[in-house]
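Worksheet for the structure shown next.
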Amino acid sequence: MPITTASADKAQDLLASLARARARTDDLFRIVKPQFLYDRPIPERHRIVFYIGHLEAFDWNLVGMRALNLKSFNEGHDQLFAFGIDPVDGGLPTDQPADWPRMREVEEYRNQVRATLDAAVARVSFANSNEDLLRDAYVLNVAIEHRLMHAETLAYMFHQLPHDRKIPQAIAPISSPREIQPKMARVPAGAATLGLRRDRPDVFGWDNEFDLNTALVPGFLIETTKVTIGQFLKFLEAGGYEDSSLWSKENWDWIRQQEIHHPVFWAKRGGEWRYRAMFEEIALPLDWPVYVSHAEASAYAKWAGKALPTEAQWHRAAFGTPEGTERAYPWGEEPPAAQRGNFDFQRWDPSPVGAYAAGESAFGVADLVGNGWEWTSTRFEPFPGFKPFPFYPGYSANFFDGKHYVMKGGSARTAACMLRRSFRNWFQGHYQYMYAGFRCVEM
Ligand SMILES: [Fe+2]
């Protein structure tokens with residue numbers, strides 16, 4: 001089948017994006033000193049070495065074998081790096097560094113996957129393909145976004161590595177720090193458009209972004225900045241972690257059992273709070289957004305006499321306008337750029353809230369995109385018309401269990417492509433390691 005020029009250009013663009021995404025993850029693994037690449041910084045997760053192989057095995061299994069019918073050259077690695085080593089008793093993983101291939105072998109697998117895939121992709125006609133995965137080079141978008149999502153979740157994981165196991169990176173200065181007073185913005189009643197239309201094959205989205213749907217949202221007030229570390233410190237000092245009336249029974253049992261008394265990014269040294277930033281420990285930066293679990297965010301909101309926004313309220317505040325139209329991004333239609341917010345790998349840590357005036361929404365709400373995901377009170381559920389991807393059926397559907405909540409926005413380590421309006425992130429309410437904070441609403 002002939003390749004149309006438009007489609008060939010698009011495939012070329014996507015191949016260039018894939019190359020940039022690979023460079024991004026290669027650079028990320030280099031911040032870990034090589035002797036610690038078999039560490040497991042988060043007990044529930046795999047060792048770092050798994051992820052080096054996983055990014056390649058995912059591309060190989062999906063693009064190489066499933067979409068392009070290539071033959072495996074290392075079935076053992078295709079399997080091992082697709083799923084990892086399961087814990088024997090269903091508890092925490094117990095595999096040892098010696099259970100994994102040596103780094104030289106992993107690197108050889110990576111190099112062979114990339115060379116074989118790139119040569120095969122260059123020969124393929126993506127235009128007018130009858131195969132869903134190949135049409136419009138769809139499969140390349142899946143590979144790119146999968147890799148970029150890992151670039152973010154790996155940053156959460158490396159954050160938990162002791163500082164002396166990492167190689168510090170340059171930190172960009174903040175362009176325009178401002179003195180911010182917490183205040184509420186009024187968002188009038190109106191419609192919020194969520195999701196994506198299926199008849200736009202040129203727009204990529206994951207299965208949970210479909211279909212397009214509209215919510216009518218009554219008027220509400222929303223905090224113009226994310227809840228800061230300074231604000232959260234007041235909750236902690238007022239005894240928020242010791243007051244069961246602020247927590248659901250399930251959340252209270254969790255913080256008691258796990259002995260959680262403060263956000264996981266904080267540490268107490270000699271009676272003083274310190275902040276565990278990516279490459280060093282610093283005095284608590286009171287004007288940075290606080291990063292906490294959904295359970296902790298909910299307890300704070302209750303203490304403040306407010307609530308977390310629903311996903312639809314968050315959309316109204318971010319993309320709605322006083323005129324009743326809706327925007328692609330909080331600031332308008334222009335694509336994400338550095339002056340609009342702390343995202344797209346600009347920084348390793350948060351910036352002070354409200355530092356990006358050019359990123360504010362039409363209602364004057366700051367930092368909706370970037371500087372930390374924002375928890376909503378909405379449980380992660382399918383939109384009407386949801387259909388799982390046949391080639392990745394569990395991507396979203398495995399998490400429609402009532403325990404996961406929608407997060408919106410993005411963090412300093414979220415790639416620009418995933419700042420699109422319809423993108424939905426989700427985590428279970430007791431996971432603490434993400435770059436996720438919140439803001440509150442009032443009716
Ligand atoms: Fe993955």
Side-chain angles (χ1 to χ4, degrees), residues 14 17-29 32 37-68 72 74-87 93 95 100-101 106-107 109-110 113-114 117 133 138-160 204-209 345 373 380 388-401 404 407 410-411 413-415 417-418 423-428 431 433-436:
L14 286 168
S17 297
L18 179 60
R20 281 195 298 275
R22 285 172 176 165
R24 175 73 62 197
T25 49
D26 290 350
D27 285 348
L28 182 65
F29 287 116
V32 179
L37 285 172
Y38 288 72
D39 274 20
R40 188 199 310 280
I42 298 179
E44 297 89 344
R45 294 282 185 259
H46 289 298
R47 294 178 185 280
I48 297 169
V49 57
F50 165 79
Y51 298 94
I52 300 177
H54 172 70
L55 296 175
E56 313 308 327
F58 182 90
D59 291 358
W60 178 256
N61 290 332
L62 180 71
V63 187
M65 301 223 289
R66 180 148 187 161
L68 302 178
S72 173
N74 191 332
E75 278 176 33
H77 282 19
D78 299 345
Q79 282 287 316
L80 175 67
F81 290 117
F83 305 111
I85 300 171
D86 277 336
D95 56 273
W100 293 91
V106 183
E107 285 169 355
Y109 176 71
R110 175 192 68 197
V113 165
R114 290 184 185 181
L117 265 189
L133 272 171
Y138 201 82
V139 71
L140 292 181
N141 268 311
V142 172
I144 291 163
E145 292 208 0
H146 171 261
R147 182 177 289 268
L148 291 171
M149 280 184 220
H150 274 290
E152 176 162 3
T153 52
L154 281 164
Y156 305 162
M157 178 184 277
F158 296 170
H159 205 113
Q160 300 305 319
F204 175 76
W206 291 89
D207 57 1
N208 64 65
E209 293 172 64
F345 309 103
W373 292 92
F380 183 52
F389 283 162
F391 57 88
Y392 199 166
Y395 173 72
S396 304
N398 285 357
F399 302 94
F400 296 147
D401 58 4
H404 291 75
M407 301 191 314
S411 82
R413 309 303 301 174
T414 306
C417 58
M418 288 179 291
F423 191 85
R424 307 169 85 201
N425 201 348
W426 68 93
F427 266 99
Q428 55 109 335
Y431 198 63
Y433 302 112
M434 306 86 54
Y435 297 151

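Sequential numbering from 1 along the given sequence is applied to the chain's residues. Atoms within each ligand, like the ligands themselves, are counted from 1 in listed order.
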>> Checking the side chain of Arg147 only, and the main-chain atoms of Thr25 only, is there a donor and an acceptor separated by less than 3.5 Å?
In response: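 Side chain of Arg147 to backbone of Thr25, a donor-acceptor pair under 3.5 Å: no, none is there.
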
> Is the backbone of Phe427 close enough, under 3.5 Å, to the side chain of His404 for a donor and an acceptor to pair up by distance?
Replying inline: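 Such a contact is absent between His404 side chain and Phe427 backbone.
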
> Which class fits the ring pair Tyr392 and Trp206: parallel under 30°, tilted 30 to 60°, perpendicular over 60°?
Replying inline: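 Tyr392 vs Trp206 ring planes: perpendicular.
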
> What are the protein N, O or S atoms, given as residue plus atom name, that sit under 2.8 Å from the Fe ion (ligand 1)?
Replying inline: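 Protein N, O or S atoms closer than 2.8 Å to the Fe ion (ligand 1): His54 NE2, His146 NE2, His150 NE2.
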
> Could Arg24 and Phe345 be counted as a cation-pi pair, given that NZ or CZ must be under 6.0 Å from the ring centre and within 45° of the axis?
Replying inline: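 Yes, a cation-pi geometry holds between Arg24 and Phe345.
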
>> Check for me whether the distance between the ring centres of Tyr51 and Trp100 falls short of 6.0 Å.
In response: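 Ring centroids of Tyr51 and Trp100 are no less than 6.0 Å from each other.
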
> Are His150 and Phe58 close enough that their ring centers fall under 6.0 Å?
Replying inline: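 When the ring centroids of His150 and Phe58 are compared, they turn out to be at least 6.0 Å apart.
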
